[in-house]
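Positions are given from 1, in the same order as the sequence printed here.
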Amino acid sequence: LETVKDAKHTNTKFKKIMVAYNTSDLIDKKYTEYKFVKLLRKKGIETVAMIDVMPPVKQYVAKDFDNYFRKNNIDALLTVAMISSYTDISGGASYTHGTKIGHSYSGYTYGGVKTEPRTKHNVTLSETKKGQVVWVATAFTEGDSEAGSETMADSFAADVVNRMYKELYK
């Protein structure tokens with residue numbers, strides 16, 4: 001996990017954060033946003049999932065976000081986006097295995113071939129008044145042959161929240 005923070009925001013402690021996972025996969029969007037919300041709330045940070053308050057049933061413009069942030073006292077937006085997803089393949093027989101953005105399908109396959117998912121996500125924390133980026137992270141997650149997209153989300157969300165809390169709230 002690599003992170004960078006804006007030195008001007010060393011002691012910034014946001015009170016209410018909206019989590020937004022930028023994906024068209026609604027299953028992954030909901031699961032990942034809820035995972036971040038749960039972990040941030042455990043740290044005492046009030047958090048909402050974008051899918052609950054601004055569902056992807058229409059196009060939103062900047063004014064919609066500004067109005068929602070102001071009316072609901074949202075002072076930061078945590079945006080998650082997948083950069084890449086692939087599957088390492090090792091073992092005996094030759095086998096082609098595909099991945100779909102947002103999902104890493106894994107498990108043992110024919111001929112003793114072992115597949116292990118890998119994902120890389122970019123996470124950005126921005127304050128909502130001016131839209132200034134305060135903190136950025138890139139998380140690389142390696143799963144074992146049993147890992148699915150939920151296991152991968154659990155892993156990188158925990159790493160990101162713990163590091164963000166350490167760097168901005170302590």
Side-chain angles (χ1 to χ4, degrees), residues 1-86 101-104 117-143 147 149-170:
L1 180 69
E2 292 294 327
T3 66
V4 176
K5 67 179 174 178
D6 183 344
K8 290 184 254 177
H9 292 278
T10 303
N11 292 317
T12 302
K13 292 182 169 94
F14 296 107
K15 293 179 179 140
K16 191 170 182 182
I17 297 173
M18 177 190 281
V19 177
Y21 185 21
N22 186 10
T23 182
S24 60
D25 185 320
L26 294 176
I27 294 168
D28 280 355
K29 180 175 181 61
K30 188 172 188 175
Y31 187 87
T32 302
E33 286 182 9
Y34 282 12
K35 188 63 179 183
F36 272 91
V37 165
K38 180 180 178 181
L39 293 168
L40 287 163
R41 286 180 178 169
K42 281 185 178 180
K43 301 278 188 194
I45 302 166
E46 190 175 350
T47 314
V48 295
M50 183 175 175
I51 198 166
D52 289 338
V53 296
M54 297 180 86
V57 294
K58 72 174 202 164
Q59 292 291 322
Y60 296 98
V61 295
K63 186 177 179 181
D64 296 326
F65 286 96
D66 292 341
N67 288 337
Y68 183 82
F69 295 153
R70 190 179 67 261
K71 288 178 185 174
N72 294 282
N73 299 315
I74 305 287
D75 54 358
L77 176 65
L78 185 75
T79 306
V80 180
M82 183 179 288
I83 299 169
S84 63
S85 171
Y86 63 94
I101 296 296
H103 286 287
S104 294
R118 308 288 188 250
T119 62
K120 190 182 287 186
H121 289 83
N122 192 52
V123 182
T124 304
L125 182 68
S126 304
E127 58 86 17
T128 57
K129 287 190 176 145
K130 296 180 183 173
Q132 183 178 0
V133 174
V134 173
W135 186 83
V136 179
T138 298
F140 178 70
T141 309
E142 299 176 295
S149 59
E150 290 178 354
T151 303
M152 300 295 281
D154 291 346
S155 177
F156 88 83
D159 290 346
V160 167
V161 167
N162 287 333
R163 179 73 70 84
M164 185 184 82
Y165 189 79
K166 180 181 175 184
E167 293 181 4
L168 296 176
Y169 286 82
K170 286 197 168 192

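- Atoms CD1 and CD1, on Ile45 and Ile17 in that order, are 5.0 Å from each other to the nearest 0.5 Å.
- Of the options Asp75, Thr128, Asp64, a side chain to side chain contact (heavy atoms under 4.5 Å, CB included) to Phe69 is made by Thr128 and by none of the others.
- Across all non-hydrogen atoms, the minimal contact from Ala139 to Val160 is CB-CG2, 4.0 Å.
- Heavy-atom contacts from other residues, nucleotides or ligands closer than 6.0 Å to NZ of Lys43 number more than 12.
- A side chain to side chain contact (heavy atoms under 4.5 Å, CB included) with Met18 holds for exactly one of Leu78, Asn72, Val53; it is Val53.
- Inter-residue side-chain proximity for Lys15 and Asn73 is flagged as unmet; no heavy-atom pair is nearer than 4.5 Å.
- The distance from the CZ atom of Arg41 to the CD atom of Glu46 is 7.5 Å, given to the nearest 0.5 Å.
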For this session: In sequence, state the C-alpha distance, the side-chain angles, and the governing distance for Leu1 and Phe156, and then conclude on side chain to side chain contact (heavy atoms under 4.5 Å, CB included).
Result: CA-CA 9 Å; Leu1 180 69; Phe156 88 83; over 6 Å; no
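- The shortest non-hydrogen separation linking Ala20 to Glu33 is CA-OE2, 3.5 Å.
- Atom CD1 of Ile74 is separated from atom CZ of Phe65 by 11.5 Å, given to the nearest 0.5 angstrom.
- Smallest separation of non-hydrogen atoms from Ser126 and Gly131: CB-O, 4.1 Å.
- When all heavy atoms are compared, the tightest approach of Val48 to Val37 is C-CG2, 3.7 Å.
- Side-chain N or O atoms of Glu127 include one that pairs as donor or acceptor with a backbone N or O of Gln132 at under 3.5 Å.
- The residue from Lys30, His121, Lys35, Met50 that alone fulfils the side chain to side chain contact (heavy atoms under 4.5 Å, CB included) condition with Tyr21 is His121.
- Proximity of Asp25 to Tyr31: side-chain heavy atoms (C-beta onward) are nowhere separated by under 4.5 Å.
- Each of Leu168, Val136, Leu77 was checked for a side chain to side chain contact (heavy atoms under 4.5 Å, CB included) with Leu125, and the lone residue meeting it is Leu168.
- Note on ring orientation: taking the six-membered ring where Trp is involved, the planes of Tyr169 and Tyr165 are parallel (angle under 30°, cut-offs 30° and 60°).
- When all heavy atoms of Leu26 and Pro56 are compared, the pair lying nearest together is CD2-CG, 3.6 Å.
- Counted within 6.0 Å of NZ on Lys13, heavy atoms from surrounding residues, nucleotides or ligands total more than 12; the atom is thus considered enclosed.
- For the atom pair CZ (Phe36) and OG1 (Thr47), the distance works out to 11.0 Å, reported to the nearest 0.5 Å.
- How far CG of Asn162 is from CG of Leu39: 7.5 Å, rounded to the nearest 0.5 Å.
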